[in-house]
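Working notes, structure below.
Everything numeric here is computed off the predicted structure, so don't read it as measured data. Protein chains get the first letters and strands the later ones, always in sequence-line order, with residue 1 at the start of each.
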There are 2 protein chains.
Amino acid sequence: MKQTAYLRHIAYDSVIFGFSGEKLKILITKYHNTGLFALPGGFVKIDENLNDAVRRGLKERTGLDNIYLEQFYTFGDVARFRPEVMQTILEANGHSIQTYEWMLDRFISVAYYALINYSEVVPTPDALSDSCDWYSLDDLPELMLDHGNIVNKALQTLRDNLERQLVGMNLLPPLFTMGDLQKVYEAILGEKLHRGAFQRKMLGLGILKRHDKQYSGAAHKAPFLYSFEAK
Amino acid sequence: MKQTAYLRHIAYDSVIFGFSGEKLKILITKYHNTGLFALPGGFVKIDENLNDAVRRGLKERTGLDNIYLEQFYTFGDVARFRPEVMQTILEANGHSIQTYEWMLDRFISVAYYALINYSEVVPTPDALSDSCDWYSLDDLPELMLDHGNIVNKALQTLRDNLERQLVGMNLLPPLFTMGDLQKVYEAILGEKLHRGAFQRKMLGLGILKRHDKQYSGAAHKAPFLYSFEAK
DNA sequence: TATTATTGTCACAAAATGAGACAATAAATA
DNA sequence: TATTTATTGTCTCATTTTGTGACAATAATA
């Protein structure tokens, strides 16, 4: 990895949303021997499209291709420039500062959020990290630099876009119940929705295909399973 | 201007919207002796916040402070990298390529749109340009690089955000009629709106203050003037 | 004084939304 | 087998929002 392989001053960070246990979660990495938690991020190769760089990183971190991905903001304040933080990380990994000096420069970070099917993912740490794990949004560790802000803005954007995006399609497995879908919406919005109205609206969109019922073994009526259908 | 004064690989472009003659317009600059039209843009100083760099550029181009400004996308495709274009511009201005070699590198561009009061602006070209003028959105010249895409995405974002933003407040003078306001909305959306419903909705927002009537000298009822009011 | 163009407001229909009610039903329980 | 429990699918009704046209008011003109 030569110094010239990456564009200087430019990084990306990704807020990778998954849904499990009725909670919205995101992937967080922890750097070796530092106690520092961060969003999965990376750099852009000299001859690589920005969007492709992010997809490459997502693939490495989750194993998935063809992820639903949305760029939402570019963070460029000078206050982001904290070379001592990156230096700590590099030193904790035994890397020579000389080779990675370019990493100590000021970076502008393009932030993306991704929506993925939780059950398909095998979170994988990168070379500098000793873990890459799911954290509930309401139980995040302290994140380094402005990564907390980035998460907040990602969630805000996701909420704003909720009506315009097929969110459930990306956060749920191929077959799901109406209750599953409602729980996803409630987790994102952070509020309870009326069951009847929600069902009416979702069915009214005309994008759900009804399948056989799901017999859960529980003592009540079995719900239908649904899948999303491109019209 | 030393090479190290600016962050490498990072630029911004701005889509500056104004409203005049019932049309939505944007500012376009034309580079000396090249026939190249472009969005007003610039670079970020090493010790400058990204957002501040954009405001600095806007101030130079329009003379205005405190502009309504919204970042909407960052363009990072390799296809943007066309050093011969920038070289043409520099040579046409008699600049030595050596001094400005950093400008020939690949750039990632953070795009913003601004909403301004047309009548307050004195468009001012920068050093490389011989004009900075208003163009109607439906009558734009061919723009260099991907600037045409940037304009399209800016307009799309503006439309999407129309209900969440006080657009009229930024595109109109302090006092305006309900008809003026409706024309702004129609220009942005590109469609006619029903007069009665529009008036009902705007008044229902509770953010308009009614003033004296405007006697236009025309042969019909005089409309009220309105201003926006922070609640 | 009648005419013209535009404005402020309303009335009504249509559509969308909020909220509760009820029957249906899969499994557990008596 | 009959009853109970929890949840589901659907419906109805009230409320709110939206789409559409109509009307009187009015500033200037003919």
Side-chain angles (χ1 to χ4, degrees), chain A residues 19 21-22 159-168 172-173 175-229, chain B residues 19 21-22 159-168 172-173 175-229:
Chain A
F19 182 76
E22 310 201 358
R159 282 178 181 164
D160 289 346
N161 292 342
L162 193 52
E163 301 211 348
R164 277 181 277 159
Q165 293 169 187
L166 263 13
V167 164
L172 288 171
L175 289 177
F176 51 88
T177 69
M178 193 60 74
D180 294 336
L181 188 57
Q182 185 172 344
K183 287 191 183 83
V184 169
Y185 274 73
E186 289 176 341
I188 291 173
L189 293 173
E191 61 182 345
K192 289 285 175 195
L193 302 175
H194 185 275
R195 191 174 59 87
F198 182 82
Q199 176 133 301
R200 178 176 56 196
K201 174 145 235 169
M202 286 299 142
L203 292 178
L205 293 177
I207 52 171
L208 291 181
K209 181 173 176 189
R210 184 174 278 183
H211 298 263
D212 291 340
K213 295 195 170 190
Q214 181 187 54
Y215 294 88
S216 62
H220 55 76
K221 193 173 178 178
F224 287 111
L225 286 170
Y226 294 91
S227 65
F228 285 97
E229 264 212 327
Chain B
F19 182 76
E22 311 201 359
R159 283 179 181 164
D160 290 346
N161 292 342
L162 193 51
E163 301 210 348
R164 277 180 277 159
Q165 293 169 187
L166 262 13
V167 165
L172 288 171
L175 288 177
F176 51 88
T177 68
M178 193 59 75
D180 294 336
L181 188 56
Q182 184 173 345
K183 287 192 183 82
V184 169
Y185 275 74
E186 289 176 341
I188 291 173
L189 293 173
E191 61 183 343
K192 288 286 173 195
L193 301 174
H194 185 275
R195 191 175 58 87
F198 181 81
Q199 176 133 300
R200 178 177 56 196
K201 175 145 235 168
M202 286 300 142
L203 292 179
L205 293 176
I207 52 171
L208 292 181
K209 180 172 178 191
R210 184 174 278 185
H211 299 262
D212 292 339
K213 295 195 171 190
Q214 181 187 53
Y215 293 87
S216 61
H220 56 75
K221 193 172 178 179
F224 288 111
L225 286 171
Y226 294 90
S227 65
F228 286 98
E229 261 212 330

Practice problem: Kindly check if the number of other-residue, nucleotide or ligand heavy atoms within 6.0 Å of CD (A/Gln165) is above 12? | Solution: yes
Practice problem: Looking only at non-hydrogen atoms, find the nearest pair between A/Ile188 and A/Arg159 and report the distance. | Solution: O-NE, 2.7 Å
Exercise. Give a yes/no verdict on a cation-pi contact between A/Arg210 and A/Tyr226, requiring under 6.0 Å between NZ or CZ and the six-membered ring centre and an angle within 45° of the axis.
Key: no
Self-check item: Heavy-atom check, side chain of A/Leu193 versus side chain of A/Tyr185, under 4.5 Å
Solution: yes
Self-check item: Side-chain-base donor-acceptor pair under 3.5 Å for A/Arg210 and D/dG9
Solution: no
Self-check item: A/Leu203 CG - D/dG9 C1' separation (whole Å)
Solution: 9 Å
Can you pull every protein N or O that's under 3.5 Å from an N or O on nucleotides 25-27 of chain C?
{"unit_1": "C/dT25", "atom_1": "O2", "unit_2": "A/Lys221", "atom_2": "N", "d": "2.9"}
{"unit_1": "C/dA26", "atom_1": "O4'", "unit_2": "A/His220", "atom_2": "O", "d": "2.7"}
{"unit_1": "C/dA26", "atom_1": "N3", "unit_2": "A/Ala219", "atom_2": "O", "d": "3.4"}
{"unit_1": "C/dA26", "atom_1": "N3", "unit_2": "A/His220", "atom_2": "N", "d": "2.7"}
{"unit_1": "C/dA27", "atom_1": "O4'", "unit_2": "A/Ala218", "atom_2": "O", "d": "3.2"}
{"unit_1": "C/dA27", "atom_1": "O3'", "unit_2": "A/Gly217", "atom_2": "O", "d": "3.2"}

Quiz prompt | A/Glu229 and A/Leu208, any side-chain heavy atoms less than 4.5 Å apart | solution = no
Quiz item: Does anything in residues 191-202 of chain A pair up under salt bridge (charged side-chain N to carboxylate O under 4.0 Å, His left out), and if so which pairs, sequence neighbours excluded?
Solution: A/Glu186-A/Lys192
Quiz prompt | Nucleotide nearest A/Arg200 (side chain, heavy atoms from C-beta), chosen from C/dG8, D/dT18, D/dT12 | solution = D/dT12
Exercise. Please state how far atom CD in B/Gln199 lies from atom C1' in D/dC23, giving the value in whole angstrom units.
Key: 15 Å
Practice problem: Output the distance between atom CD (B/Gln199) and atom CG (B/Leu181), rounded to the nearest 0.5 Å. | Solution: 10.0 Å
Exercise. Round to the nearest Å and state the distance from B/Met202 atom CE to D/dT18 atom C1'.
Key: 14 Å
Self-check item: Distance, rounded to the nearest Å, where B/Phe198 contributes CZ and C/dT6 contributes P
Solution: 18 Å
Quiz item: Is it the case that more than 12 heavy atoms not belonging to B/Lys213 sit under 6.0 Å from its NZ atom?
Solution: yes
Quiz item: Atom CZ of B/Phe224 and atom C1' of D/dT26: how far apart are they, to the nearest Å?
Solution: 11 Å
Quiz prompt | Side-chain (A/Gln182) to main-chain (A/Phe198) donor-acceptor, under 3.5 angstrom | solution = no
Practice problem: Check each residue of residues 175-196 of chain B for a non-hydrogen atom within less than 4.0 Å of any atom in DNA chain D, then write out the ones that pass by number, or none. | Solution: B/His194, B/Arg195
Quiz prompt | Short side-chain N/O contact from B/Lys201 to OP1 or OP2 of D/dT17, under 4.0 Å | solution = no
